[in-house]
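Only a predicted model underlies this, so the values are computations on that prediction, with no experimental measurement involved. Note on naming: letters A, B, ... go to the chains in the order of the sequence lines (proteins, then strands), and numbering restarts at 1 for each one.
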2 protein chains.
Amino acid sequence: MPKSPGQILKNKSGYKINGSLWIEFKGLRFFGPGPVELLLLIRETGSIRQAAKKMEMSYQKAWAIIKTLNGQSSQPLVIVQSGGKKGGGTELTADALELISYYTQLRKRFESFLQNETKRMGAG
Amino acid sequence: MPKSPGQILKNKSGYKINGSLWIEFKGLRFFGPGPVELLLLIRETGSIRQAAKKMEMSYQKAWAIIKTLNGQSSQPLVIVQSGGKKGGGTELTADALELISYYTQLRKRFESFLQNETKRMGAG
DNA sequence: TGGCGTTATCTTTTATAAAAGATAACGAAA
DNA sequence: TTTCGTTATCTTTTATAAAAGATAACGCCA
């Protein structure tokens, strides 16, 4: 009877199966945990700059993500305005909210998978 | 009725759900696709150096991986010998083979998950 | 018109990881 | 004891990504 991974590895427990999930297009990933967090913070703050700051991401990178996302969707996911009442601002479209919701549920199903596999690893 | 991701994103098709899987210990991953490929090539070539070369990895990095793997398992996964008949050599233990087999099967189950989710994304 | 905070977009600097280079040690065999 | 190809382990260089810095533009409002 072959050993289970749990028997092969040191420190009987403390191991787990983990992973990352994303939507990719033509082999390169364009929607994953990072963009999701950014979008959520934009919804919360109404500003790309403030959102980026909250997650300790540079504004330039945040803006690049937004640009990519808008470029990949039929209609913009994010409406940006420079200048105006409070200097400008940013808001999400319904499509963006829908995409966030989709990814959240997808991730939840993935968590189940991971939890199940972690159990399986220990038992053998 | 809300849009499906497939409707939100451009180019109706060409998208897929993809991801990565690994075993982690105390938050840091230590066994994933890279180490697996390396072990397989070591089994094939009998040499860390040749294995590293085949997968275009530097010897130094390959050796660091081996060191970590051996350190994390109850018994060594890889038996290395410097000097000797042909200058030295490396071979895998039964535990290593078992771990490779485990990961391979795990990845296979993950592939099913991904394929299923990709379908689901399109349909909505 | 001038001020404000934001978006938009450069260029330059910094940090991090990967690779490369160099060299010693190993141990069997000729 | 010399040779060989490997392991073992430094230090140095290179490549890549991320961040930082700088500056213009935007458009409302006082």
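- Within a 6.0 Å radius of CD in A:Gln75, other residues, nucleotides and ligands contribute 12 heavy atoms or fewer.
- Note: CD1 (B:Ile65) to C1' (D:dA8) measures 16 Å, nearest angstrom.
- Between A:Ala62 and A:Ala52, the closest heavy-atom pair is CB-CB, 3.8 Å.
- For B:Ser58, the side-chain atoms get nearest to C:dA19 when compared with the rest of D:dT7, C:dA19, C:dG21.
- Taking atom NZ of residue A:Lys53 and atom P of nucleotide D:dA19, one finds them 15 Å apart after rounding to whole Å.
- Using a 4.0 Å cut-off, no side-chain N or O of A:Thr90 falls inside it from OP1 or OP2 of C:dT6.
- We find that CZ of B:Arg49 is positioned 17 Å from P of C:dC26, with the value rounded to whole Å.
- A close approach under 4.0 Å does occur between a side-chain nitrogen or oxygen of B:Gln50 and OP1 or OP2 of D:dT6.
- Straight-line distance from the CD1 atom of B:Ile48 to the P atom of C:dC26: 17 Å, rounded to whole Å.
- Of the side-chain N and O atoms in B:Trp63, none sit less than 4.0 angstrom from OP1 or OP2 of D:dT7.
- For the pair B:Gln81 CD and D:dT7 P, the interatomic distance rounds to 10 Å; values are reported in whole Å.
- Rounded to whole Å, the distance from NZ on A:Lys61 to P on D:dA20 is 12 Å.
- Checking C:dA22, C:dT6, C:dT9 against the side-chain heavy atoms of A:Lys67 singles out C:dT9 as nearest.
- For B:Gln60, counting side-chain heavy atoms from C-beta on, the closest listed nucleotide (D:dT7, D:dT9, C:dA8) is D:dT9.
- Set against D:dA8, C:dT9, D:dT9, the side chain of A:Tyr59 has C:dT9 as its closest nucleotide.
- Between the CD atom of B:Glu56 and the P atom of C:dA17 there is a distance of 22 Å, rounded to whole Å.
- Within the 4.5 Å cutoff, the side chain of A:Val80 has heavy atoms near those of the A:Ile48 side chain.
- Spacing between atom CD1 of B:Ile79 and atom P of D:dA8 amounts to 11 Å, rounded to whole angstrom units.
- Positionally, the nearest nucleotide of DNA chain D for B:Gly88 lies more toward the 5' end than for the other of A:Gly88 and B:Gly88.
- Closest to the side chain of B:Ser82, out of D:dT7, D:dA22, C:dA18, is D:dT7.
- Closest approach to the B:Lys85 side chain among C:dA8, C:dA28, D:dT9 is made by C:dA28 (side chain taken as heavy atoms from C-beta onward).
- Within a 6.0 Å sphere centred on CD of A:Gln7, heavy atoms belonging to other residues, nucleotides or ligands number more than 12.
- Note on ring orientation: taking the six-membered ring where Trp is involved, the planes of A:Tyr103 and A:Phe31 are perpendicular (angle over 60°, cut-offs 30° and 60°).
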